Amino acid sequence: MKEYLISAFKSAAQKLDYLNSIEFVFDIPKLEAHGDLSSNAAMLLTKKLRKSPRTTAEEIISALHLDPAVVYKAEIAGPGFMNFFFTPSYIAGKIKDVLQESVNYGRSNKYAGKKANVEFVSANPTGPLTVGHGRNAVVGDTIANLLEWIGYEVDREYYFNNAGRQMRVLGDSVKLRYLELLGHEIEFPSDYYQGEYIKEIAQTLIDEFGDKIIDDPPDGIFKERAEKLIFQDIEKTLSSLNIKHKIFYNENTLYEEKKIDLLLDIFKQRELSYEKDGAVWLKLSMLGNQQDKVIVKSTGEPTYRLPDIAYHITKFDRGYDLMVDLFGSDHNATYPDVLAGLKALGYDAVRVKVLIHQFVTIMENGEAVKMSTRKANYITLDQLISEVGSDVVRYFFNMRNIASHMNFDLSLAKKHSEENPVFYLQYGHARICSILRMIEGENLKLSVDDLHLLTSDEEQQLIKKIIQFKEEALFSAEGFETNRICTYLEELAAAFHRFYTFCRIIGSEKKLAEARIALATAAKIVLKNGMSILGVHAPERM
RNA sequence: GCGCCCGUAGCUCAAUAGGAUAGAGCAUCAGCCUUCUAAGCUGAGGGUUAGUGGUUCGAAUCCACUCGGGCGUACCA
């Protein structure tokens, strides 16, 4: 529908030159009385033309040449809106596109040929993934899906660090538990990893080596074993959400390939860094940030900034047109440094899109549970998945804007999981499948010959909702907003359930019934395609 | 103190680049199953969009300040 108006406006612009100065944007009015699509173009031109918007609107409409078989009414309303009303048979005809494109309906090729990298999760292997990581994991994977949907070739990437302080503490923690299990008196420091899983890892070492490794250093077999087992656990958790990263990028690679040294040299050569108090500082204040920051500590060890910048340079080198970084709000102070560093070196930092999601507050019995991997005070993502299922977890995390702090009441989620909107969508899909199974016995089949019979309110609204899908997907992807897909699908499912209640298929006159089968099939296609973006199953029966 | 994010119905959240009368779900109340799945549908109540000012034809949306909450503010990541 929009395409039709846009091309009509374009040809009108040949006569009315001022139309070239604006973008053709059409909104779907909230009220049906305001038509199917509406434009505020005349109002935007008020100042420029020094004419009343209603006069301008009249001028535009008379220049449009609209086919009455497509748009049966174009009116001016309110302060100067132009409202367009499409004929029911034109709208119904759009069902054919959906059926034809089927599993690909809603995809676009706007970004075909472009490569994107989505970096998400990126938790260091110090413990199991928590519910907090769940939001990151689900949203990251869904954004990757969305980008694929609009034409990008997408690599999902996981960046991790198995060196550094956190991991040293991990090795120390395992070694201590190992000694404890062998019967030694130990004192377990409060800033070591407290979780049970540390003991389990230590136990696997005892099972395998007994006390033979008692003199090995903590950062040898102890750390290595912990890393290996924890990573296996993380990958298992992710795969139960159907998430699979293509690339695991180890920070170590940056050292091994001398990229850190090289970067340090470049900063020095370009006089972007200096030494002070035995440390190396990056001149971030010169690059528009608040203050200079240390990139190499006086101990000789780099801070995270240096490898992070080097890491992003590898992404540029690997040829990505778009690089998405998704992390929690606890990282919100780190990325400006990295971006400033990249910019200073001449990289096009706008290709890096940093997304910050707010934290998940877990409520239990009306109280917020503070989470810390170190303190072992957390609810694992595994626990959550086994309690409510992967579909609910994925839907739940996707349905909120990442900027909003979300409360997750565990007890409520368990209790009301059957009332979750995800079931509403799935039920819609299952209902359609059920009808389609049934029609064979009724001597009915899908037909697009008489779509013009679909004129009722319920039918028209369902069709209109269906054909919004492509634009919704594009919009969601460009804005990195997974929650828009959820909102859209809930509206679509509602439109279908209403149609289902009022428009019977079996028992209606044959031509009408077969047109309705076409419509129901189109609804099924879009429901399923939308759910596949979210990573939620579309069951055939419930 | 400073920086980023947030504040919308009792609760959880929407609101399609500033548009017309702010919408859903849950919860509450009243209805609808001898016909394709009632995990559904219809209807009702529920709002000074935290507050105050500003920008303009028009503000939940943009700007300023105030209040309240989250996360940061390291030679941790």
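Reminder, nothing fancy here: chain letters follow the sequence lines and each chain counts from 1. All of these numbers come straight from a predicted model, not from anything done at the bench.
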Taking protein heavy atoms under 4.0 Å as touching, what does nucleotides 72-77 of chain B look like 5' to 3' if B marks base contact, S marks sugar-phosphate-only contact and - marks none? S--BSB
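Nucleic acid contact for D337(A): none, since no nucleic acid atom lies under 4.0 Å from a heavy atom of the residue. I439(A) comes within 4.0 angstrom of nothing in the nucleic acid, heavy atoms only. If you check every strand for non-hydrogen atoms under 4.0 Å, Y488(A) touches nothing.
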Expected rows: protein N/O vs nucleotides 5-7 of chain B N/O, under 3.5 Å:
| unit_1 | atom_1 | unit_2 | atom_2 | d |
| --- | --- | --- | --- | --- |
| C5(B) | O2' | Q358(A) | NE2 | 3.2 |
| C5(B) | O2' | A403(A) | O | 3.1 |

Pairs: protein N or O with nucleotides 57-59 of chain B N or O, under 3.5 Å:
none

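Within residues 503-519 of chain A, the residues that have a heavy atom under 4.0 Å from RNA chain B are, in order of number, C503(A), R504(A), I505(A), I506(A). Looking at residues 425-435 of chain A, you'll see Y427(A), A430(A), R431(A), S434(A), I435(A) sit with a heavy atom under 4.0 Å from some atom of RNA chain B.
Using a 30° and 60° split on the angle between ring planes, Y158(A) and F160(A) fall in the perpendicular class, above 60°.
For residues 392-405 of chain A, the set of pairs meeting the salt bridge (Lys or Arg N to Asp or Glu O under 4.0 Å) definition, not counting sequence neighbours, comprises D141(A)-R394(A).
Taking atom C1' in both G54(B) and G18(B), one finds a spacing of 15 Å when rounded to whole Å.
For D308(A), the side chain to side chain contact (heavy atoms under 4.5 Å, CB included) partners two or more places apart in sequence, or in a different chain, are Y159(A), Y304(A), V338(A). Remark: Q468(A) pairs with I28(A), K465(A), E472(A), Y488(A) by the side chain to side chain contact (heavy atoms under 4.5 Å, CB included) rule, at least two apart or across chains. By the side-chain hydrogen bond (donor to acceptor under 3.5 Å, both in side chains) test, N529(A) pairs with no residue at all, sequence neighbours left out. By the side chain to side chain contact (heavy atoms under 4.5 Å, CB included) test, N40(A) pairs with M43(A), L44(A), F81(A), sequence neighbours left out.
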Show me the donor-acceptor pairs within less than 3.5 Å that the side chains of residues 501-508 of chain A make with the rest of the protein, sequence neighbours left out.
| unit_1 | atom_1 | unit_2 | atom_2 | d |
| --- | --- | --- | --- | --- |
| T501(A) | OG1 | H497(A) | O | 2.8 |
| S508(A) | OG | R504(A) | O | 2.8 |
| S508(A) | OG | R516(A) | NH1 | 3.2 |

Give the intermediate values and the outcome of ring-ring contact (aromatic ring centres under 6.0 Å, His included) for residues H245(A) and F120(A). CA-CA 9 Å; H245(A) 290 84; F120(A) 63 111; 4.3 Å; yes
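Cation-pi geometry between R431(A) and Y500(A) is met: under 6.0 angstrom from the ring centre, within 45 degrees of the axis.
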Pairs counted only when both distances fall under 3.5 Å, Watson-Crick or G-U: show me the 5' to 3' dot-bracket for RNA chain B, [ ] for pseudoknotted crossings and | for other-strand partners. (((((((..((((.....[...)))).(((((.......))))).....(((((..]....))))))))))))....
